[in-house]
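Only a predicted model underlies this, so the values are computations on that prediction, with no experimental measurement involved. For reference, positions follow the sequence shown, starting with 1. Whatever order the structure lists them in is the order used to number ligands and atoms, beginning at 1.
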Amino acid sequence: MAVLETISVLDKVLTVKFQNGTSIAYEEFWLRDHCRCSTCYHADTFQRAHHLLQIPDVNISNVKYDKDQLTITWSDNHESVYKAEFLAEFSYDKWRDSRRLKPIMWSGGDVADKVTKIHVDEFLNSVNGAKAVFKSLLDYGVALIENVDVSVEATEAVCNALGGVQHTMFGGMWEFTTTQDHADTAYTNLPLAVHNDNTYFTEAAGLQILHCLEHSSGSGGETLLVDGFYGATRLKNEHHDDFEFLTNFDVEAEYLEDGHHYRYSAPVIKLDKMKDITQIRFNVYDRSAMAFPNDEECRSYYRSLRNLSRYYENPEFQWKFKLKPGLVMVMDNFRVLHGRTGFNGKRVLCGSYVSRSDWLNKARALRLIQ
Ligand SMILES: C[N+](C)(C)CCCC[C@H](N)C(=O)O
Ligand SMILES: O=C(O)CCC(=O)C(=O)O
């Protein structure tokens, strides 16, 4: 519970000292911009009523406060009221850290005992079930949902509860096997080294959901998962120059098939301003043929990608398991790399993508993140 203790105003800055000892300084312009009265703010839509250019250049004429709220009278006689709880949100460190995700890195199959494995009914019909799935995705980048009817329709209900089916050139809900519906090796029985999908899209899919509907008259087709953040962190600690290179160099990726040519360039390892790893875009197959300005950059490209690959290809760091009908695997495509061993026989998978905005929206609505 935030409690106002003292307020002081100097040189267009109002400083609040809270009873817990913290102090926060607010620019006058920021305070006027955050007036929540009915003429400045549409409380029903959580939107400001004025353009930035309409905010007047005024000064604080008078302040009144008690332990719960502050009232400012402005030099244009406008009056603004601020609740202590609202003001207390804007300690910069607290505000910044409240927005940082806190992934728990993992390596190897032991993570199987940590990720959420939940009955589909509990996921779809209970808040705690939904929280368990989204927390597992936030913590480990993987969640497993069991007892799902072996159908595209039942899988779609799971995809919608995860945030909604994301439509791409591959469709919305997809069902795929070894028929060449698209010019991609996913539609074959070849082994696929662990990778992130959609490195050729301006924004990769947020989640990838896979449900093996059938695998008959054959073997293989085991799923491989690896924590892309763990491998990138090992690279940072053991090949720092390569890590730096991969956080700065734009690797170009592309996807080509009749009527389609996607192309996008971005670093393999994306950092935010806090230097937290926020995304891995790693796919050895979809890399474009690139030109380089000099030998050094070309050599750095191959050395750094090969060194990072050694972590991702290390079986010790991979989680290998077989998707079976009824079990739906959900993974964070911004973090977890997935692949499969080669297979024979008839193997049919269905699933969808979910955008990152949409699944984080669900997690935020469940109050798991800010
Ligand atoms: C749509 N579905 C998931 C079946 C396959 C899409 C192909 C994904 C492509 N190999 C990539 O890595 O982006
Ligand atoms: O067939 C599988 O298990 C995965 C295929 C794959 O990697 C993909 O569709 O992106």
* Hey, mind stepping through N333 and H338 against side chain to side chain donor-acceptor pair (under 3.5 Å) and telling me if it holds? -> CA-CA 8 Å; N333 183 52; H338 66 284; 4.6 Å; no
* To do: Measure up the H34 and F86 rings against each other and bin them: parallel (under 30°), tilted (30 to 60°), perpendicular (over 60°).
  =>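 Answer is tilted, since the angle falls between 30° and 60°.
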* To do: Give the ring-plane orientation class for Y302 versus F292, where under 30° counts as parallel, over 60° as perpendicular and anything between as tilted.
  =>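 The arrangement is tilted - the two ring planes meet at 30° to 60°.
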Using a strict cut-off of 4.0 Å, indicate which atoms of ligand 1 neighbour a heavy atom of [X].
{"X": "H195", "value": "12 (O)"}
{"X": "N198", "value": "11 (C), 13 (O)"}
{"X": "D286", "value": "11 (C), 12 (O), 13 (O)"}
{"X": "Q208", "value": "3 (C)"}
{"X": "N283", "value": "11 (C), 12 (O)"}
{"X": "D184", "value": "7 (C), 9 (C), 10 (N)"}

* Asked: Taking atom types as modelled, is there a side-chain donor on D181 or T179 under 3.5 Å from an acceptor on the other?
  ->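 Looking only at side-chain atoms, T179 and D181 do form a donor-acceptor pair, the distance falling under 3.5 Å.
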Is there a side-chain contact between [X] and [Y] in this structure, where contact means two heavy atoms from C-beta onward sitting under 4.5 Å apart?
{"X": "W74", "Y": "E28", "value": "yes"}
{"X": "M1", "Y": "E85", "value": "yes"}
{"X": "H239", "Y": "R234", "value": "no"}
{"X": "Q69", "Y": "K83", "value": "yes"}
{"X": "R356", "Y": "Q279", "value": "no"}

* Please state whether H182 comes within less than 4.0 angstrom of ligand 1, counting heavy atoms only. =>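 Contact check H182 vs ligand 1: negative.
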As an exercise, identify every atom of ligand 2 less than 4.0 angstrom from a heavy atom of [X].
{"X": "A186", "result": "9 (O)"}
{"X": "L192", "result": "5 (C), 6 (C), 7 (O)"}
{"X": "F176", "result": "1 (O), 9 (O)"}
{"X": "H338", "result": "6 (C), 7 (O), 8 (C), 10 (O)"}
{"X": "H195", "result": "7 (O), 10 (O)"}

Nearest protein heavy atom to [atom], by residue and atom, and its distance?
{"atom": "atom 8 (C) of ligand 1", "value": "D197 OD2, 3.5 Å"}
{"atom": "atom 4 (C) of ligand 2", "value": "L210 CD1, 4.0 Å"}
{"atom": "atom 3 (O) of ligand 2", "value": "R347 NH2, 2.8 Å"}
{"atom": "atom 9 (O) of ligand 2", "value": "Q208 NE2, 3.5 Å"}

* To do: Identify the heavy atoms of T22 and N20 that sit nearest to each other, and give their distance.
  =>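 Heavy-atom minimum between the residues: OG1-OD1, 2.8 Å.
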* Does L349 approach ligand 2 within less than 4.0 angstrom via side chain, backbone, both or neither, non-hydrogen atoms only? ->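 Looking at L349 and ligand 2, just side chain atoms fall under 4.0 Å.
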* To do: Check V9, V13, T15, L14 against Y26 for a side chain to side chain contact (heavy atoms under 4.5 Å, CB included) and give me the one that passes.
  =>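 Of V9, V13, T15, L14, side chain to side chain contact (heavy atoms under 4.5 Å, CB included) with Y26 is met by L14 alone.
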Among [options], which one puts a heavy atom closest to [atom]?
{"atom": "atom 2 (N) of ligand 1", "options": "Y262, F201, Y187, Y200", "value": "Y187"}
{"atom": "atom 10 (O) of ligand 2", "options": "T188, D197, V194, N189", "value": "D197"}
{"atom": "atom 6 (C) of ligand 1", "options": "Y353, F176, Y255, W174", "value": "Y353"}

* Before giving the answer on ring pair (Phe, Tyr, Trp, His ring centres under 6.0 Å), spell out for H260 and Y255 the whole-Å C-alpha distance, their side-chain angles and the decisive distance to 0.1 Å. => CA-CA 7 Å; H260 295 284; Y255 182 93; 7.4 Å; no
